[in-house]
There are 2 protein chains.
Amino acid sequence: MKLQQLRYLAAVAQSGLNITAAAEKLHTSQPAVSKQLKLLEDELGFNIFVRSGRTLTKITPAGQQVIERAVKVLREVQNIKGISAELKGENAGVLSIGTTHTQARYVLPPVIQQFRQQYPDVKVQLHQGTSEQIAEMVALDRIDLAIATGAHDLFPGLVKVPCYHWNRHIVVPNNHPLAGIKKPTLKQLAAYPIVTYVFSFTGSSSLPLIFAKNDLVPNVALTAQDADVIKTYVRLGLGVGIVASMALDPSEDSDLTVIDASHLFPAHTTWMGFTRGGLLRRYMYDFIQMFAPHLNKRLLDRAAQAENHETFDGLFDDVQLPSK
Amino acid sequence: MKLQQLRYLAAVAQSGLNITAAAEKLHTSQPAVSKQLKLLEDELGFNIFVRSGRTLTKITPAGQQVIERAVKVLREVQNIKGISAELKGENAGVLSIGTTHTQARYVLPPVIQQFRQQYPDVKVQLHQGTSEQIAEMVALDRIDLAIATGAHDLFPGLVKVPCYHWNRHIVVPNNHPLAGIKKPTLKQLAAYPIVTYVFSFTGSSSLPLIFAKNDLVPNVALTAQDADVIKTYVRLGLGVGIVASMALDPSEDSDLTVIDASHLFPAHTTWMGFTRGGLLRRYMYDFIQMFAPHLNKRLLDRAAQAENHETFDGLFDDVQLPSK
DNA sequence: TACAGTTACGGACCGCGTAAGCATA
DNA sequence: TATGCTTACGCGGTCCGTAACTGTA
């Protein structure tokens, strides 16, 4: 078994089982990839891919295992090379972030701007997607850092550190009946059509569930992936918007009335995750701290070290998380 | 970077920085290893080893990092090969266990005997050592399974599952004054010289600490690594022995009086640890279950999956651990 | 016929082993 | 002088790229 074979395998898996495309990404010829793949399968004694005719159609169960472990191997090899770059004090590299729309659009821009000033030679790659898509990126090792809210169980194997709390806010046009009410009740809210995130969050903080606990049924008129869309429809008078606090800009949204809804809905925590045992470059530490100032190197290292909740939770007991 | 280079590196690290010895283990020539090592160092751009003259004397800090990650890579590669063996239903392989004297001498023999009957083609390697030595074996990937009591913090990165509880027992010659007492007090115990394990266990269950809590100072006459030695000195009348319950055999120790000391000292838990994300062969699952019947495949898989204490602890809440 | 993967073959490269060289105890 | 690492060099294997072939939409 050669590293090259694992690289080829991973590339094929990441190219939608297209050997030709993988070969191009790898800057090599298509037969080279094809042959090494076959050699690897021969050595292992089973097929990694299911072939219908000559095209690869899907991954066998055992093949899935092999790919996952191959990705781990390659990540670790990258880490070894990273040690070298880190030692030479190189401030160049890539910072690959997988995150949701809210972070990418509202929270990250100033952080990334500041980061780029300090590290002009680090390329920042922003991969936006749903929680599921981000989990996929983590599995295929395409990102260094995941930033998300909720959905803890989608990301096993990641070290997850809390970054900040946030609350939901209600947005209505300035002439809306709710606009004059400082602390609307759930009942008042339920009287109007609601525009909010798709399936916003599962579990105890799910919106329908909170209404249901008070024997109310929300009239969800429209759900969207992101706050921009939601606000647009609120402006059109389609309903009352419920969005994340970060997604509001006093100047941009001056035509809307914003009402704090922290008395109605529990606070959420946005967290950041990275691979356990992964190599964190200096610029990554710095990025994380720019994003969440309480996350200093020492704390992060201890979080990465801690393997069980007992030791892990204690780490953040003394930390007052910022609210946004 | 080649897998071969990482293999050579790991072998050198495991051979006490002796290239010649490593080359022999690898069934290759010494210059081959030497050259590949140098090539690897060249590629990385720094030295992994400190050389005084031509001999390797120690590992550089960065080198230590590289070695640790190289070991991870090689382990993962082994796992990939293991998938193949598992798929073919091969019941052959190696089961490498790192453990302490008490387990190796008293607890494991019947388990291993049973295991060997079911899997005659699996070679069992028993590596005996102190907790520190076992941790070292884990780090250098020499063992699949660690079995120990206490010392959790020495084994970060291992999935640790509880196996059974045990208590300390007091052993005295049949003619000893304590022999007639069913439930001796700490005070009575402190009146005699004591023979027990070296530094038995740190923390709250440390023997001197328990005495100290009752304003007593134990007269520890002699400490030894294992129960056999302790019993020998008890037979010689050197003092009162305090040993693990597993270390007593009714027939072998008929010349000694055994007194349960569970009312004096808290119970210990013996646990078993394996690498997170490691490949567990079928025979490993079976071995573990032979050792601790409550640890079935499903429970182990969930334990390996669980990353934080919250989910982890719940797993064993319903399990009644056996006592020995 | 266009597309994707496999097979075939020649050339470049690389890693190994042997043998000789060199530093240290 | 013995031990242990490095350097030198020739051989064999391996991997790649080009090109021709084959099965599929």
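In what follows, chains carry the letters A, B, and so on, assigned in the order in which the sequence lines appear, proteins first and then strands, with residues in each chain numbered from 1.
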Practice item. Compare side-chain N and O positions of A/Asn18 against OP1 and OP2 of C/dC3 and report whether any pair is under 4.0 Å apart. Key: no

**Study point:** Listed partners of A/Asn47 passing side chain to side chain donor-acceptor pair (under 3.5 Å), at least two apart
**Key:** none

**Study point:** Spacing of A/Glu24 atom CD relative to C/dG5 atom C1', expressed in whole Å
**Key:** 14 Å

Exercise for review: Answer yes or no: does a side-chain N or O of B/Lys2 lie under 4.0 Å from OP1 or OP2 of C/dG15?
Suggested key: yes

Review point. Just how far, in rounded Å, is P of C/dG15 from CD of B/Gln5?
Key: 7 Å

Study note, to complete from the structure: Taken in chain and number order and not counting sequence neighbours, the residues that satisfy side chain to side chain donor-acceptor pair (under 3.5 Å) with B/Tyr283 are none

Check your understanding: Expressed in angstrom and rounded to an integer, what is the separation of B/Leu26 atom CG from C/dG17 atom P?
Key -> 10 Å

Exercise for review: Starting from P on C/dC14, measure out to CD on A/Gln4 and report it in whole angstrom.
Suggested key: 12 Å

Practice item. Can you tell me which residue pairs pass the salt bridge (charged side-chain N to carboxylate O under 4.0 Å, His left out) test with a partner in residues 40-62 of chain B, sequence neighbours excluded? Key: B/Glu41-B/Arg51

Point to revise | Residues that B/Phe49 engages under ring-ring contact (aromatic ring centres under 6.0 Å, His included), provided they are two or more places apart | key: none

**Study point:** Contacts of B/Gln30 that satisfy side chain to side chain donor-acceptor pair (under 3.5 Å) - sequence neighbours left out
**Key:** none

Exercise for review: With a 4.0 Å heavy-atom cut-off, tell me which residues in residues 37-47 of chain B come close to DNA chain D, sorted by residue number.
Suggested key: B/Lys38

Point to revise | Residues forming a side-chain contact (heavy atoms from CB on, under 4.5 Å) with A/Ser96, sequence neighbours excluded | key: A/Gln125, A/His127, A/Ile143, A/Asp144

Point to revise | Pair listing, side-chain hydrogen bond (donor to acceptor under 3.5 Å, both in side chains) test, anchored in residues 71-81 of chain B, at least two apart | key: A/Arg69-B/Glu76, B/Arg75-B/Asp141, B/Arg75-B/Thr275, B/Glu76-B/Asn79

Point to revise | Separation of atom CD1 in B/Ile19 from atom C1' in C/dA23, rounded to whole Å | key: 14 Å

Study note, to complete from the structure: Here the gap from B/Gln225 atom CD to B/Ile230 atom CD1, rounded to the nearest 0.5 Å, amounts to 9.5 Å

Review point. Does OP1 or OP2 of D/dC16 have a side-chain N or O of A/Gln36 closer than 4.0 Å?
Key: yes

**Study point:** Sub-4.5 Å side-chain heavy-atom contact between A/Val124 and A/Tyr119
**Key:** no

Point to revise | For A/Glu90, side chain to side chain donor-acceptor pair (under 3.5 Å) partners two or more places apart | key: none

Study note, to complete from the structure: Those residues at least two apart in sequence (or on a different chain) that pass side-chain contact (heavy atoms from CB on, under 4.5 Å) with B/Arg105 are B/His101, B/Asp228, B/Glu252

Practice item. Would you jot down, in residue-number order, the residues of residues 55-71 of chain A having a non-hydrogen atom under 4.0 Å from DNA chain C? Key: A/Thr55

Check your understanding: With a 4.0 Å cut-off on heavy atoms, is B/Leu17 in touch with a base, just the backbone sugar-phosphate, or nothing at all?
Key -> sugar-phosphate

Produce the list of close N/O pairs, under 3.5 Å, pairing protein atoms with atoms of nucleotides 17-22 of chain D; give distances to one decimal.
unit_1: D/dG17; atom_1: OP2; unit_2: A/Thr28; atom_2: OG1; d: 2.5
unit_1: D/dG17; atom_1: OP2; unit_2: A/Ser29; atom_2: N; d: 2.9
unit_1: D/dG17; atom_1: OP2; unit_2: A/Ser29; atom_2: OG; d: 3.0
unit_1: D/dT22; atom_1: O2; unit_2: A/Arg54; atom_2: NH1; d: 3.0

